[in-house]
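One structure is given here, and the rest of the page talks about it.
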Amino acid sequence: MKICRKRKFFYQAVAAEKAYQDLLHECRKGIDVSEAEIRQYNELIRHGGYNGQSLHHIMSAHKDVFQKCPKSIYNYFNQGVFSLPRGEMPRMCMRKPRKVEKIRHKVDPKCRSGRTLADYEKYCLEHPNLPTVQMDSVIGSVGGKVLLTLQFDCGMMLGRLRDTNNAQSVIEYFDLLEQKLGLSRFRRMFPIILTDNGSEFSNPTAIEISPITGKRRTRVFYCDPNASWQKGSIENNHTNLRRILVKGCSFSRLTQQDIDLVLSHLNSYIRKSYDDTPAIDRFCALFGKDCLDILNLTVIPPDDIILDPKLLKGKI
C-alpha cells in the first residue's frame with residue numbers, strides 16, 4: 001500500500017472564517033491620522049474656538065492641513081483622540097455620539113427540529129447509560145458580561161465568562177473544551193446536553209460537530225419553552241452560585257480566574273443531596289483528577305469554603 005508522505009493542508013471553514021473576521025477587525029482598528037496631524041488639529045481648533053470660530057471656518061481656512069471632513073473630526077473627538085476639553089470644541093456639546101443599536105440575535109425555529117424534550121426522552125431511552133449535562137446562562141447587569149454554566153449529573157458545575165451573550169461565544173467555549181480535553185474525553189463527558197431556548201443556544205449544529213474532525217461530538221436537546229424546571233438540577237445549583245454572584249450585580253470587573261475561584265468553592269461545598277460528598281470529588285472519581293488542572297479548578301478544604309460575595313474582594 002502506497003502512502004503519500006507529502007505535507008498536507010486541511011481547510012477548516014469555521015477556523016478560516018474566524019481568522020478572516022479577526023483580520024478584518026484588526027485592519028479597521030484605529031484612525032488614519034498621524035500624531036503630527038493630531039497636534040496640528042489640536043492647535044488650530046483650540047485657537048479658532050477661543051476666538052469663537054466654527055469648525056467649518058477653521059477647516060476652510062486651513063484646507064492644506066485638514067484632509068478630513070467635519071464628521072470625521074467630530075468622530076475623532078468622541079473617540080478621545082484630541083486633548084481638547086469638550087467646551088473648547090465648537091458646537092461639540094450640541095453633537096452627542098450616535099447611539100449604537102443593540103444587535104438582535106434571531107433564533108432559527110428549525111434549530112429545535114429533532115431536538116425537543118420528547119426527542120431527548122426518546123434518545124435517553126435508547127441510550128440509558130449516557131449522562132446529561134445541563135446548560136444555562138447566568139446574567140449579571142443588563143448588557144454586561146454573561147456567565148455560561150454547565151452542570152454534570154454528579155453536581156459539578158463549569159462556567160465560562162463571556163463578553164457577549166451570543167451563540168458564537170458558546171460555540172467557542174465548546175471548541176476550547178475539546179482542544180483541552182481531547183475528543184475522546186470530551187465525548188465521554190458531554191454525550192448529551194440539555195438547555196433552554198435562549199438565542200445563545202440557537203446554533204446546536206456547531207456545538208454538536210467538532211471543527212477539527214467534522215464528526216459529531218455531542219447531542220443538544222431543548223427544554224419546552226418557559227419550562228426551566230425541566231433542567232432543575234442546574235437551576236437549583238444557581239441558587240448556591242447566587243450566594244456569591246448576587247442577582248443584579250455586574251460581572252464587568254470579573255475575570256475567568258475569578259469564576260474559576262468561585263466554582264472551586266461552589267463545587268467543594270458539601271451538600272446533603274449528594275450524600276455529603278462534594279461534587280468535585282464525585283467528578284474526579286468519574287473523569288480523573290487531572291481534569292481539574294485542565295479546567296483550572298481546585299479542591300477547597302471544607303473550613304475554607306466561602307459562599308459569599310466577599311470571596312471576590314469587592315469586585316462585585
Fill in the blank from the handout: Sequence neighbours excluded, the answer for side-chain hydrogen bond (donor to acceptor under 3.5 Å, both in side chains) partners of His265 is none

Problem - Arg271: partners by side-chain hydrogen bond (donor to acceptor under 3.5 Å, both in side chains), with sequence neighbours left out - result: Asn237

Completion exercise
Sorted by chain and number, sequence neighbours left out, salt bridge (Lys or Arg N to Asp or Glu O under 4.0 Å) with Arg162 holds for none

Could you pull out every donor-acceptor pair under 3.5 Å between side chains of residues 291-308 and any protein atom, sequence neighbours left out?
unit_1 : atom_1 : unit_2 : atom_2 : d
Asp308 : OD2    : Lys310 : N      : 3.0

Taking only distance into account, with no hydrogens and no angle test, what donor-acceptor pairs under 3.5 Å do side-chain atoms of residues 217-225 form with protein atoms, sequence neighbours excluded?
unit_1 : atom_1 : unit_2 : atom_2 : d
Arg217 : NE     : Ile207 : O      : 2.7
Arg217 : NH1    : Asp175 : OD1    : 3.1
Arg217 : NH1    : Glu178 : OE1    : 2.5
Arg217 : NH2    : Asp175 : OD1    : 2.8
Arg217 : NH2    : Ala206 : O      : 3.3
Arg217 : NH2    : Ile207 : O      : 3.3
Thr218 : OG1    : Phe190 : O      : 2.5
Arg219 : NE     : Tyr123 : OH     : 3.2
Tyr222 : OH     : Phe201 : O      : 2.4
Asp224 : OD2    : Gln230 : NE2    : 2.9

Would you say the side chains of [X] and [Y] form a donor-acceptor pair under 3.5 Å?
{"X": "Thr239", "Y": "Asn236", "result": "no"}
{"X": "Ser233", "Y": "Gln134", "result": "no"}
{"X": "Glu200", "Y": "Ser137", "result": "yes"}

Throw together a table of side-chain donor-acceptor distances under 3.5 angstrom for residues 272-283, partners on residues two or more places apart or in other chains.
unit_1 : atom_1 : unit_2 : atom_2 : d
Thr277 : OG1    : Asp275 : O      : 3.3
Arg282 : NE     : Cys154 : O      : 3.0

Exercise for the section: Scan Leu147, Asp258, Leu311 and name whichever one has a side chain to side chain contact (heavy atoms under 4.5 Å, CB included) with Leu245. Expected result: Leu147

Exercise for the section: Specify whether Phe287 and Phe152 have parallel, tilted or perpendicular ring planes, treating 30° as the upper limit for parallel and 60° as the lower limit for perpendicular. Expected result: tilted

Exercise for the section: Before giving the answer on salt bridge (Lys or Arg N to Asp or Glu O under 4.0 Å), spell out for Glu235 and Lys231 the whole-Å C-alpha distance, their side-chain angles and the decisive distance to 0.1 Å. Expected result: CA-CA 7 Å; Glu235 296 290 346; Lys231 50 180 179 62; 2.7 Å; yes

Handout entry: Verify same cluster id: Leu194, Val170 (apolar side-chain graph, 4.5 Å)
Key =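 As far as the 4.5 Å side-chain criterion goes, Val170 and Leu194 are not connected within one cluster.
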
Handout entry: Heavy atoms from other residues, nucleotides or ligands near OH of Tyr269 exceed 12 (cutoff 6.0 Å)
Key =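 Open: at most 12 neighbouring heavy atoms sit under 6.0 Å from OH of Tyr269.
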
